[in-house]
Undergrad: 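Got a structure here, written out as structure tokens. Questions coming.
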Amino acid sequence: SATPSLESFTAALEGRYRFLSLPERIASRPLAAVEFIEMKEVVREEGPDTIISAPLRAALEARLKADEQALVLLNRRGFAGQLVCRQCGLALMCSECSVTMTLHKGGSLAVCHYCGLGRPKPTKCDVCQGEFLRTVGYGTERLETLVKEMFPESRVARMDRDTMRRK
């Protein structure tokens, strides 16, 4: 693997695996250009629900206009990272693992990414019974929905553990 796990990398360094190195890119191709966008500034200017910054949107539009493909990477599965009670401030926790649960399927299902426990999204806080729950963060499901809304004429596919079960 080009990005081995720490265990595999250590095993290769210890000689248990054969260590292969790729010190150069094929045909000496340069690395892709990278532009960092400070999302704190984007949120300040465009609002707290902004997921795709204006420069990213413009880059996606340019690729699609040129009849090319684009790949957007996000390392968060699900729809939203957490469900938080606005009354007591506590997040929805897994009853088995005591870690925060992630909302999936458009925000209707809470899933533990450690043990796999799933439950319907609650309407009240498990701790204080407060009725004002809000989602925090965003995941690949929400990003996919937003990209489809922004570019309805384009084919959009999400690739994550939830959609890709086999090679």
Undergrad: Hey, are the side chains of F151 and R57 touching, using non-hydrogen atoms and a 4.5 Å cut-off?
TA: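 The answer is yes; the side chains approach within 4.5 Å.
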
Undergrad: Just checking Q69: does its CD atom have more than 12 heavy atoms from other residues, nucleotides or ligands closer to it than 6.0 angstrom?
TA: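 No - once you tally the heavy atoms of other residues, nucleotides and ligands closer than 6.0 Å, there are 12 at most.
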
Undergrad: To the nearest 0.5 Å, what is the distance between CG on L146 and OG1 on T50?
TA: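 If I round to the nearest 0.5 Å, the distance is 9.5 Å.
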
Undergrad: State whether E14 and R16 are salt-bridged, where the test is any N-O pair (Lys NZ or Arg NE/NH1/NH2 against Asp/Glu carboxylate O) under 4.0 Å.
TA: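 Looking at E14 and R16, the cut-off is met.
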
Undergrad: According to a 4.5 Å side-chain heavy-atom criterion applied to Ile, Leu, Val, Met, Phe, Trp and Tyr, with indirect links allowed, do L56 and L74 form part of one hydrophobic cluster?
TA: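 Shared cluster, yes.
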
Undergrad: Taking the side chain as everything from C-beta on, heavy atoms only, tell me whether L83 gets closer than 4.5 Å to M101.
TA: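 The answer is no; the side chains never approach within 4.5 Å.
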
Undergrad: Between T163 and R158, is there a donor-acceptor pair closer than 3.5 Å when you use the side chain of the first and the backbone of the second?
TA: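 Checking the backbone N and O of R158 against the side chain of T163, a donor-acceptor pair under 3.5 Å is found.
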
Undergrad: If hydrophobic clusters are built by linking Ile, Leu, Val, Met, Phe, Trp and Tyr wherever their side-chain heavy atoms come under 4.5 Å apart, do Y138 and V156 end up in the same one?
TA: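 Yes, it is one cluster - the side chains of Y138 and V156 are joined through contacts under 4.5 Å.
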
Undergrad: When rounded to the nearest 0.5 angstrom, what distance separates NE2 in H113 from CG in D162?
TA: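 Separation between the atoms: 6.0 Å.
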
Undergrad: Taking atom CG of L13 as the centre, does the number of heavy atoms from other residues, nucleotides or ligands within less than 6.0 Å exceed 12?
TA: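 Yes, because the 6.0 Å sphere around CG of L13 holds more than 12 heavy atoms from other groups.
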
Undergrad: Measure the spacing between OG of S5 and CD of E7 and express it to the nearest 0.5 Å.
TA: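 Interatomic distance, S5 OG to E7 CD, rounded to 0.5 Å: 4.5 Å.
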
Undergrad: Give, for atom CG of L73 and atom CE of M159, the distance between the pair rounded to the nearest 0.5 Å.
TA: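 These two atoms lie 8.5 Å from each other.
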
Undergrad: Would a 4.5 Å heavy-atom cut-off, applied to side chains only, mark K121 and L133 as touching?
TA: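 No. Closest side-chain heavy atoms not under 4.5 Å.
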
Undergrad: What's the spacing between Y114 OH and T100 OG1 if we round to 0.5 Å?
TA: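 Result: 7.5 Å between the selected atoms.
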
Undergrad: Backbone N or O of H104 within a donor-acceptor pair of the R77 side chain at under 3.5 Å?
TA: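 No; judged by distance alone, with no hydrogens or angles, the pair does not exist.
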
Undergrad: Quick one: does Q129's side chain have a donor or acceptor within less than 3.5 Å of a partner on C125's backbone?
TA: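 Yes.
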
Undergrad: Looking at NZ of K65 and CG of L60, how far apart are the two atoms once the value is rounded to the nearest 0.5 Å?
TA: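 It is 14.0 Å, given to the nearest 0.5 Å.
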
Undergrad: Decide yes or no on side-chain contact (heavy atoms from CB on, under 4.5 Å) for R142 and D49, but give the supporting numbers first.
TA: CA-CA 11 Å; R142 189 168 169 195; D49 291 330; 3.9 Å; yes

